[in-house]
Q: 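Have a look at this one.
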Amino acid sequence: MQSTLFWAAVTAYAVATALGIAGFAFSRERWLAAGRWVGLGGLLPHAGAIALRWVEVGHGPYNTRYEVLSAQAFLLVAAFGVIALVSRHLRSLGAFVMPMAFLLMGFGVATFDTRREVPIIFKSWWLILHIGFAKLFGVTVALAAICAGAYLWKRRRPGSLQRLPDPPRLDLYAHQFLLSAFLFLGVMVAAGALWANQSWGRYWGWDPIETTSLVTWIAFGVILHFRVLHRWEGARMAWLTLLAFAFALVTLYVVAVMVPTIHNSYMVGP
Amino acid sequence: MIWRLLRSAAFARAILIYLALFGGAGAWAPWTQAEGGPAPAWASTLWLDHPFSSPWFLAGVAALFASTFACTWGRRARIAGLRRGVLPPGAVTLAGDEGPLRRFLAAQGFRGDGAVLHRFGTALWAGWVLHVGLLVLIAGVFAQQALYDQGTFILTEGELKQLAQPDAILMRERGRLGPVDPPDLAVALEAFDPTRKQPGYAPDRLSELRVFKADGAVVADTLDRAHGIEVDGVEIYQGIRSGLSVVLDVRGMGPRAVVLQERHHREAAAEVLDLRGRPVRFVVTTERDLHDVSGTGRTLIRLEHGSQELLLSPEAPFDFGGTQAKVTGLRRWGSFSYARSPGMPAVHLGFVLILAGCALLVLPAGVAVIESAGGRTEARVQLQRGRDLLEADWQASTTEPG
């Protein structure tokens, strides 16, 4: 059942991806809308798959690559659903969100059958905050990168992607998402430090992921300085936003896979 | 000159980039990683064997503190002025009739009836709160590093240990201004299970401790690796390491625990001096793995001295350097740590202020001042972002039919 629900969600995101790309390629608003609805419809079986796994292993989706990436994809699509409800301008971003969700699911599926008990140190409310905000950080920085990428695309080809907002508005949305990501990353780091202090009596141990998170937060600070103090905007800010996204990917996924750290368990898998 | 340098955005940016690059390099340096091996000689020569306590990093943090302080100093008056409607020269000017202007600004989220309107007025303080939080955090971390005191200790099941006694604490670390003596507490390990299964979690350590305060009061609590327990400002944490202890009853000295270290998966040993000062070795071999969840199975305890070997039986007396002793049990030991962290409240306050500043940053703050002179009305608007869009939206709204 869990597997069926998972594959139903993957199929929905795949179909939504195809419809989104085709909708943009052929300027068909209906295809874009259909892609959006199919993708959002995938949330239902996806929620079922996550809930069943939660019940089966007895903990939330934060241990093993499948659980982490599947939950990240779910939150990304769900956040897009909320944003599409609030802002008409951003509905067409679904064409970029769905491929990301599909790729996350694809990257996670290899460890679908891996089930691990969590260590006792995971028994903490700070952990819930730490992980919850890490996921929100991933979602908002991805949305910022999508807006920045769309900005750069539209700026070079003014006639394309007509369903998307004008470049200045995309630039503003990218900035707004980046500010949210800055906040969420800050909460993630602070909650992680308080969790470490609760378990081990030290709030900071210069673990590679701790340090990379701090470096990413500082990098975000530098980028925001460029915007606020030097009035950088447009293409330069879009590139910096994509750089921020690269920092986020390194923090959330690359270090955990490549470097021995106390955070390895959340990306465990072949 | 120095003050101007400290206040400059370029200096702040340079410091942040320096710290980011240093942090990135430090995080990826092989010798800073788990099982990464010792630092190479060149790194030690350059004080980079511990990069995040090196003078290079500390100088960067000090420069960040100075820069943040200089940038924050005096900004409060400017923000207060902005809230009152004293706008900087770069504010956007929207011209039109007062009614449509007010309606447009209200639709953009500006609130107020007078000449000065606000959108998320509190959020004008975002950057200031964030920077003050950064100052408090850095100061808190320095205070914590100067005042902290921590150490580890080992307890065998049934053992009571005075932490202030010589040799009770292993690997003690303290800040330059930290307490000279370990905490005046005695800790007893009433029960210890290294593989206790708690619902939903992998088997892990669980201890029942009794902590005796200096005034004689006793605190009893259960401890696992998820949470420490706090007694009189001293937090006690469960460590990971555990093993077996041979408990001896030495005539005239009472019970003594000999803490054994694992030699391989079915053998643990410890070398000690007997009462004549000769080195002897206690060796325990087990039927199953030392960490087997179902227990170690049958055990054999040997006492080795040179080439001599004596098999010890429970409660059977043996010669321990001229004094009679007997093995009264084979028990588990667990490792623990204590920490005194007087700087933590400032660290917490720093976190709270930084996050409050970040949260306020997300809100698109703005101030609008409506001015009428000579039959002409203008709204001057200061926004933290989206000025051009506001101007464009106003132009669009004034040219829209109807």
Side-chain angles (χ1 to χ4, degrees), chain A residues 57-59 116-124 166 168-169 171-172 175-176 179-180 182-187 189-191 193-194 197-204 206-212 214-216 218-219 221-222 224-231 233 247 250 255 259-262, chain B residues 9 12-13 16-17 19-24 26-28 32-36 50-52 90 127 141 144 148 150 196 198-206 224-228 235-238 337-339 341 344 347-348 351-352 354-355 357-359 361-362 364 384-386 388-389 392:
Chain A
V57 296
H59 60 76
R116 292 272 173 96
E117 280 186 305
V118 290
I120 195 73
I121 53 167
F122 280 37
K123 193 172 70 173
S124 168
D166 295 335
R169 219 170 284 280
D171 178 48
L172 191 63
H175 180 54
Q176 195 68 30
L179 282 170
S180 304
F182 186 57
L183 166 66
F184 296 149
L185 175 61
V187 179
V189 171
L194 295 171
N197 191 57
Q198 182 187 51
S199 296
W200 303 312
R202 63 121 181 105
Y203 56 90
W204 200 261
W206 298 109
D207 172 74
I209 284 199
E210 283 176 356
T211 312
T212 312
L214 180 65
V215 168
T216 300
I218 293 173
V222 173
L224 292 173
H225 267 109
F226 277 117
R227 179 109 195 183
V228 175
L229 294 179
H230 301 280
R231 304 273 173 227
E233 51 188 25
F247 269 100
V250 170
V255 177
V259 181
T261 107
I262 53 175
Chain B
R13 205 167 55 236
L16 286 170
I17 290 172
L19 286 174
L21 291 174
F22 192 99
W28 286 80
T32 63
Q33 295 167 19
E35 299 157 18
H50 298 289
F52 299 110
V141 168
Q144 166 65 10
Y148 84 104
Q150 65 185 37
R196 174 68 67 88
Q198 296 191 49
Y201 301 97
D204 210 309
R205 290 100 183 89
L206 188 83
D224 62 23
R225 288 204 304 126
H227 305 278
E235 283 166 305
I236 297 174
Y237 298 92
Q238 177 74 61
S337 61
Y338 78 87
S341 313
M344 280 310 284
V347 173
H348 291 167
F351 278 147
V352 169
I354 286 175
L355 296 181
C358 289
L361 268 182
V362 176
Q384 285 183 335
R385 52 186 171 273
D388 296 343
L389 271 177

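Per chain, numbering begins at 1; letters A, B, ... match sequence-line order.
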Q: Identify the heavy atoms of B:A20 and A:I218 that sit nearest to each other, and give their distance.
A: CB-CG2, 4.0 Å
Q: Restricting to non-hydrogen atoms, name the atom on B:A202 and the atom on A:E117 that form the minimum distance, rounded to 0.1 Å.
A: CA-OE1, 3.6 Å
Q: Chain A heavy atoms under 4.5 Å from B:Y201: which part of the residue, side chain, backbone, both or neither?
A: both
Q: Go through it in stages, so that I can follow the logic: the residues are B:W28 and A:V255, the test is side chain to side chain contact (heavy atoms under 4.5 Å, CB included), and I'd like the CA-CA distance, side-chain angles, deciding distance and then a yes or no.
A: CA-CA 9 Å; B:W28 286 80; A:V255 177; 3.7 Å; yes
Q: Has A:Q176 got a side-chain atom pairing as donor or acceptor with B:V362's backbone, closer than 3.5 angstrom?
A: yes
Q: Among B:P203, B:A339, B:G23, which has the most heavy-atom pairs under 4.5 Å with chain A?
A: B:G23
Q: When rounded to the nearest 0.5 angstrom, what is the spacing between NE2 in B:H50 and CH2 in A:W206?
A: 14.0 Å
Q: Using the side chain to side chain contact (heavy atoms under 4.5 Å, CB included) rule, take A:I120 and B:R196 through it: C-alpha gap first, then chi angles, then the decisive distance, then the call.
A: CA-CA 10 Å; A:I120 195 73; B:R196 174 68 67 88; over 6 Å; no
Q: Does any heavy atom of chain B fall under 4.5 Å from the side chain of A:D166, the backbone, both, or neither of them?
A: neither
Q: Contact part of A:R231 toward chain B, heavy-atom cut-off under 4.5 Å: side chain, backbone, both or neither?
A: side chain
Q: Nearest 0.5 angstrom please: B:Q238 CD to A:I121 CD1, how far?
A: 12.5 Å
Q: Would you say A:S199's side chain and B:H227's backbone share a donor-acceptor pair under 3.5 angstrom?
A: no
Q: Highest number of heavy-atom pairs under 4.5 Å with chain A: which of B:E235, B:Q198, B:Q150?
A: B:Q198
Q: In terms of heavy-atom pairs under 4.5 Å, which option from B:L19, B:V141, B:V352, B:L206 contacts chain A the most?
A: B:V141
Q: Which is it for B:Q384 and A:V228 under the side chain to side chain contact (heavy atoms under 4.5 Å, CB included) test, yes or no, and what are the steps along the way?
A: CA-CA 7 Å; B:Q384 285 183 335; A:V228 175; over 6 Å; no
Q: Side-chain contact, heavy-atom cut-off 4.5 Å: A:V222 with B:I17?
A: yes
Q: Can you confirm whether B:Y148 sits close enough to A:R202 that some side-chain heavy atom of one is under 4.5 Å from a side-chain heavy atom of the other?
A: no
Q: Quick one, B:R385 with A:E233, criterion side chain to side chain contact (heavy atoms under 4.5 Å, CB included). Give me CA distance, side-chain angles, the key distance, then yes/no.
A: CA-CA 10 Å; B:R385 52 186 171 273; A:E233 51 188 25; over 6 Å; no
Q: Under 4.5 Å heavy-atom distance to chain A, tell me which part of B:L16 shows up: side chain, backbone, both or neither.
A: both
Q: For A:F184, which atoms come within 4.5 Å of any heavy atom of chain B: side chain, backbone, both, or neither?
A: neither
Q: Pick whichever of A:L229, A:V187, A:T212 has the most heavy-atom pairs under 4.5 Å with chain B.
A: A:V187
Q: Closest approach of B:G200 and A:V118, non-hydrogen atoms and distance?
A: O-CG2, 3.6 Å
Q: Closest approach of B:A359 and A:L183, non-hydrogen atoms and distance?
A: N-CD1, 3.6 Å
Q: Under 4.5 Å from any heavy atom of chain A, what part of B:I354 do you find: side chain, backbone, both or neither?
A: side chain
Q: How many angstroms lie between atom OG1 of A:T211 and atom CZ of B:F22, to the nearest 0.5 angstrom?
A: 11.0 Å
